[in-house]
Amino acid sequence: MVNVHQHGLNRSLIIYLRDKFPEMQVDLKYDEYKMPQARPLILVEPMQNNFEAISKQREAVQTTYRYQIGLYDKNSVQLSINQERLVNVFMYDEFPYYDTLISPPELTGYFLCNLTAVVPMPNDDISKSSDNNRVYFDVEIENIKRRW
């Protein structure tokens, strides 16, 4: 993969998850995002990125893009079924990468996700039903950027 960037990764994750799970709504979480009532729902949320120089004079930098991906489902049974489906996708599937800085976006490579954690989230506020039956996946995507 060349010219990897955050927007391309965001779009690539959403496109792939929508194709893989057509019965689910898949959205990117952003400022002022309004949570829909539709379930099942997958929310892709970019988190902090890390950068580590791996060569002298920063000619190569390892970039770790982090995501928190939320799964909100109808009930606990569906949550456990869809949770396992998503775990398998993040552990084994190769995601196509679309360079979105090109119009129209072009498939320029593939990437793997590193699933680092699966975190079930119980609802602490019974009056807020949108927080029922949810789990978060911590996902990392590593890439080496080279100075050209």
Going by heavy atoms in the side chains, are [X] and [Y] under 4.5 Å from each other?
X      : Y      : value
Phe21  : Arg85  : yes
Leu17  : Leu86  : yes
Tyr92  : Leu112 : no
Arg134 : Leu79  : no
Met35  : Leu41  : yes
Phe111 : Ser12  : yes
Val44  : Asp27  : no

| message | Pair Arg66, Asn50 - check side-chain hydrogen bond (donor to acceptor under 3.5 Å, both in side chains), show working. | response | CA-CA 8 Å; Arg66 289 191 173 83; Asn50 285 51; 2.5 Å; yes
Over 60° means perpendicular and under 30° means parallel, so tell me whether Tyr97 and His5 are parallel, tilted or perpendicular.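 It falls in the perpendicular class, over 60°.
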Item to complete: Indicate, with yes or no, if the rings of Phe137 and Phe90 have centres closer together than 6.0 Å.
Response: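 Here the rings of Phe90 and Phe137 have centres that are less than 6.0 Å from each other.
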Check your understanding: Looking only at heavy atoms, what is the nearest atom pair of Cys113 and Phe95, with distance?
Key ->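 Closest approach of Cys113 to Phe95, heavy atoms only: SG-CE1, 3.7 Å.
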### Task
Measure from the side-chain N and O atoms of Asn75 to the backbone N and O of Val77, and report whether any donor-acceptor pair falls under 3.5 Å.
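Yes; judged by distance alone, with no hydrogens or angles, the pair exists.
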Test item: side-chain donor near acceptor, Asn133 and Gln78, under 3.5 Å:
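Note: Asn133 and Gln78 side chains miss the donor-acceptor criterion.
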Q: Determine, for Asp93 against Lys20, whether the closest basic-nitrogen to carboxylate-oxygen distance falls under 4.0 angstrom.
A: yes
